[in-house]
Visitor: 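Questions regarding the structure given below will be posed in turn.
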Amino acid sequence: MIPFFKKKKQLPSGKDRKEIKEELFAKCEKCGALYYKKQLERELWVCPECGYHFRIPARKYVEYILDEGDFEERIGQNIYANDPLKFPGYAKKLEGYYKKLELNDAALCGTGHINGIKVVFFVTDFKFLGGSMGSVYGEIFLRGTRKAISENLPFISLTTSGGGARMHEGIFSLMQMAKTVVGVVELNEANIPFISVVAHPTMGGVMASFASLGDIILAEPGALLGFAGPRVIEQTIRQKLPEGFQTSEFLLEKGFVDDVVSRKELKEKLTFYLKHLGGENGRSKTD
Amino acid sequence: MRALDFERPIVEIEEQIKALEKEAQDNKVVKQALMRLKERAEELKQHIYSNLTRWQTVQIARHPDRPHAVFYIHHVFDDFNEIHGDRNFRDDPSIITGFAFLNGRKVAIIAEEKGQDTKDKIYRNFGMPHPEGYRKAMRLMDLADRFNIPLISLVDTPGAYPGIGAEERGQSQAIAESIRKMLKIKIPFVSVIIGEGGSGGALAIAVADRVLAMEYAIYSVISPEGCASILWKDAKKANEAAEALKLTAKDLKEFGIIDDIIPEPLGGAHRDPVMAMNNFKEYVLKHLEEVEKLEPDKRLILRRKKYASMGSFIEKEG
């Protein structure tokens, strides 16, 4: 083989064509339409053609849902996983995520405003081990709910937690289901509104704990939501699952979410419920 | 008795002993051989059962002859009366609920039951509850709380059932609500993992003041087989996965997840069910009496505190 033919054409930036293509364009996973990323950004990563909701990082949700520039990302940002089981490969995986995503775990929490209403906002990042719930995630959640109580602010969670409870921390992850529900119970007793937004995908231990206990539960369209993963169910019952099984629309029909809301309307929808549930007792503070 | 692979040498010796006992009569030589064989059997049992791998413990927790919830319900408790149904959809036989007496005191019982023979196993859905099972359990929690009856739960499930109906009827919501309810009721509540504590399906009835585990029980976020197929794309590596998951009673006690370990006969509860039953009773009573001494409000605060502080993480300066 003559090296001359193998050599990739280098563009001035030092990147090859494929890299540049990936940098500029994104393809809709559902309808296959190709877009400039800049265009999708304006559409909040909702496909203009078919309405498919691209999966987006936690910080994008912060940008889209909270008012500009006031997110104080400070709840639990200094806590890190401890790898209590010394689980094979876990420590190394975490190091990779810390560097790549600049997150201390799969969850991000802080105070901010939604159309002027101050809230505590908890959001997860799918790219960090599938947005799975381990000890750090659970601790951030509980600190978030307690912050909401101490400052009398509504609490909003937005989850993309396909991994459910994080396998790598074993039984400790399972216990986070109970731990986060302690947070919910405390919110309930303090009469603080708790809105749970579930996005693609939210499964297992997350769906079977706090995410299903919102006073109001909103789902992004087309999200996979449920307890058991579709593959596990198919293996158990040895048959194909019906079209649309475990989607947001399916849960709406069965009565397990209050509404299916497009990402583009989510901020306004949240504002409505914040105002409505916040009432006149000063809970919908606009400071 | 059905034997697991690693138990074969023990069972072989035990069969030899049985055969010799028939012949022994007054024959001194045979009697001496018998003595030696019995000693050897004891040594072997000690050696094998004291050095179990975690995967072997999983197999004992799932042993076909292991006493299930029904055994404890009928032998440890008196005058058990079962109540059925979630008043909404149907009765779920995977979860048994009812009222009984424990050493003369009133108790309420929630128990996951895997089933005995094939027919019963199918009827019980192998101990994998549907949402209506958890909703029935919640009914009992409410009743027990209103009438001030201490609650005892027996956990033994591979997990909540992964099926179409279960999802349609809100498996996630049922488990989440059940967890919330256990963090609101004020009655004394002791939970015992008697066999297999399969993830959310187990936790859904086990958020208690005291959580105990039988010596050879396991409790895990995922089955070793499930973990192995995710990690190594090979369910046959369950052996390694069980090691990684650290799911034995001893592990759980060290982690502070459970409060006590109930000793079992060497080799598992099925080798001496009476002893297992007596130990179960003794430990449950002990812990029940301890939590009964607390004021109801205080008890609930402590229960919540326990779960609020669960987790293992590092807090860095800055």
Side-chain angles (χ1 to χ4, degrees), chain A residues 78-89 105 134-136 138-139 142 164-167 169-179 181-186 188 203-205 207-213 225-229 232-233 235-237 241-242 245-246 250-251 254-256, chain B residues 128 131 159-164 166-177 179-180 182-184 197 199-204 206-207 219-222 226-227 230-231 240-241 243-247 251-252 255 257-258 303-318:
Chain A
N78 296 321
I79 54 180
Y80 291 84
N82 194 23
D83 194 6
L85 308 186
K86 302 278 165 278
F87 198 88
D105 208 274
S135 299
V136 174
E139 179 69 15
L142 189 62
R166 188 178 297 169
M167 181 176 73
E169 290 181 29
I171 196 74
F172 288 96
S173 298
L174 189 68
M175 292 303 130
Q176 303 312 304
M177 292 172 69
K179 178 167 180 166
V181 177
V182 171
V184 175
V185 168
E186 290 174 352
N188 295 163
M203 303 295 289
M207 200 60 188
S209 64
F210 71 91
S212 282
L213 297 175
L225 308 168
F227 178 69
V232 174
I233 300 176
Q235 279 166 14
T236 308
I237 62 173
L241 291 172
F245 188 69
Q246 292 183 310
F250 172 88
L251 263 75
K254 299 295 171 193
F256 291 104
Chain B
M128 294 183 281
Y161 187 62
I164 291 181
E167 294 290 326
E168 280 177 342
R169 299 194 290 281
Q171 190 71 287
S172 305
Q173 190 265 353
I175 293 171
E177 282 295 355
I179 294 171
R180 173 152 68 180
M182 291 180 284
L183 290 165
K184 286 170 96 167
S199 197
L203 182 73
V207 179
Y219 193 10
S220 178
V221 71
I222 188 169
C227 175
I230 292 174
L231 266 193
E240 288 157 66
E243 284 304 314
L245 286 167
K246 303 200 168 56
L247 39 55
D251 293 325
L252 298 164
F255 291 148
I257 303 289
I258 62 164
R303 191 187 304 153
R304 286 183 187 176
K305 250 193 182 156
K306 175 170 91 165
Y307 287 97
S309 66
M310 276 193 182
S312 172
F313 53 83
I314 305 160
E315 183 132 28
K316 291 187 180 166
E317 303 261 322

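FYI, side chains are in, hydrogens and waters are out, and symmetry mates aren't considered; it's all heavy atoms of this structure. Letters go in sequence order (proteins before strands), and every chain restarts at 1.
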Visitor: Is B:Glu177 close to chain A through its backbone or its side chain, or both, or neither, when contacts mean heavy atoms under 4.5 Å?
Guide: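 Both backbone and side chain.
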Visitor: Considering only heavy atoms and a distance below 4.5 Å, find which of B:Gly311, B:Gly200, B:Ala174, B:Pro162 pairs most often with chain A.
Guide: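 Most heavy-atom pairs within the cutoff with chain A belong to B:Pro162.
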Visitor: I'd like to know which of A:Asn188, A:Val184, A:Val136, A:Asp83 tops the heavy-atom pair count under 4.5 Å against chain B.
Guide: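 Answer, by heavy-atom pair count under 4.5 Å with chain B: A:Asn188.
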Visitor: Between B:Ala160 and chain A, with a heavy-atom cut-off of 4.5 Å, which part of the residue counts as in contact: side chain, backbone, both or neither?
Guide: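 For B:Ala160, backbone and side chain are both near chain A.
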Visitor: Which atoms of A:Ala178 come close to chain B, meaning under 4.5 Å heavy atom to heavy atom: side chain ones, backbone ones, both, or neither?
Guide: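 For A:Ala178, backbone and side chain are both near chain B.
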Visitor: Please classify the contact between B:Ile222 and chain A as side chain, backbone, both or neither, with a heavy-atom cut-off of under 4.5 Å.
Guide: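 Contact with chain A involves the side chain of B:Ile222 alone.
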Visitor: Are any non-hydrogen side-chain atoms of A:Lys179 and A:Gln176 less than 4.5 angstrom apart?
Guide: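 Contact flag for A:Lys179/A:Gln176 side chains = yes.
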Visitor: Is the side chain of A:Glu169 donor-acceptor paired with the backbone N or O of A:Ser135 at a distance under 3.5 Å, no angle test?
Guide: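 Side chain of A:Glu169 to backbone of A:Ser135: a pair is present.
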Visitor: Give, as side chain, backbone, both or neither, the part of B:Ile257 having an atom under 4.5 angstrom from any heavy atom of chain A.
Guide: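 Looking at B:Ile257, just its side chain touches chain A.
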Visitor: Non-hydrogen atoms of chain B under 4.5 Å away: do they reach the side chain of A:Leu142, the backbone, both or neither?
Guide: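 Contact with chain B: side chain only.
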Visitor: Is there a donor-acceptor contact under 3.5 Å from the side chain of B:Ser309 to the main chain of B:Lys306?
Guide: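 Present.
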Visitor: First locate atom CZ of A:Phe227, then atom CD of A:Gln246, and finally report the distance between them rounded to the nearest 0.5 Å.
Guide: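 Here the rounded value is 11.0 Å.
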Visitor: Can you tell which part of B:Ile230 gets under 4.5 Å to a heavy atom of chain A, answering side chain, backbone, both or neither?
Guide: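 For B:Ile230, the side chain is the part near chain A, not the backbone.
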Visitor: Test your reading of the model: is there a side-chain donor-acceptor pair from B:Lys246 to the backbone of B:Asp251, 3.5 Å cut-off?
Guide: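 Here the side-chain-to-backbone pair does not exist.
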Visitor: Please look at A:Phe245 and chain B and tell me whether the side chain, the backbone, both or neither of the residue comes under 4.5 angstrom of a heavy atom of that chain.
Guide: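 Looking at A:Phe245, just its side chain touches chain B.
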Visitor: With no hydrogens and no angle check, is any side-chain donor or acceptor of A:Ser173 less than 3.5 Å from a backbone partner on A:Ala165?
Guide: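 Checked: no pair found.
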Visitor: Under the side chain to side chain donor-acceptor pair (under 3.5 Å) rule, collect the residues that match up with B:Glu315, sequence neighbours excluded.
Guide: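 Partners of B:Glu315 by the side chain to side chain donor-acceptor pair (under 3.5 Å) criterion, ordered by chain and then number, come out as A:Arg143.
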Visitor: Can you tell which part of B:Arg169 gets under 4.5 Å to a heavy atom of chain A, answering side chain, backbone, both or neither?
Guide: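 Only the backbone of B:Arg169 comes within 4.5 Å of chain A.
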Visitor: With distance as the sole test, does B:Arg304 use its side chain to make a donor-acceptor pair with the main-chain N or O of B:Leu183 at under 3.5 Å?
Guide: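 Yes, because the side chain of B:Arg304 sits within donor-acceptor range (under 3.5 Å) of the backbone of B:Leu183.
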Visitor: Under a 4.5 Å heavy-atom cutoff, which of A:Leu213, A:Thr236, A:Leu241, A:Asp105 has the most pairs with chain B?
Guide: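 Option with the greatest count: A:Leu213.
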Visitor: Non-hydrogen atoms of chain B under 4.5 Å away: do they reach the side chain of A:Phe210, the backbone, both or neither?
Guide: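 No part of it gets close to chain B.
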Visitor: Are any non-hydrogen side-chain atoms of B:Tyr161 and A:Ile237 less than 4.5 angstrom apart?
Guide: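 Side chain of B:Tyr161 against side chain of A:Ile237, heavy atoms only: contact under 4.5 Å found.
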Visitor: Taking side chain as everything from C-beta outward and backbone as N, CA, C, O, which of these in B:Ser220 sits under 4.5 Å from a heavy atom of chain A? Side chain, backbone, both or neither.
Guide: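 For B:Ser220, the contact with chain A is made by the backbone alone.
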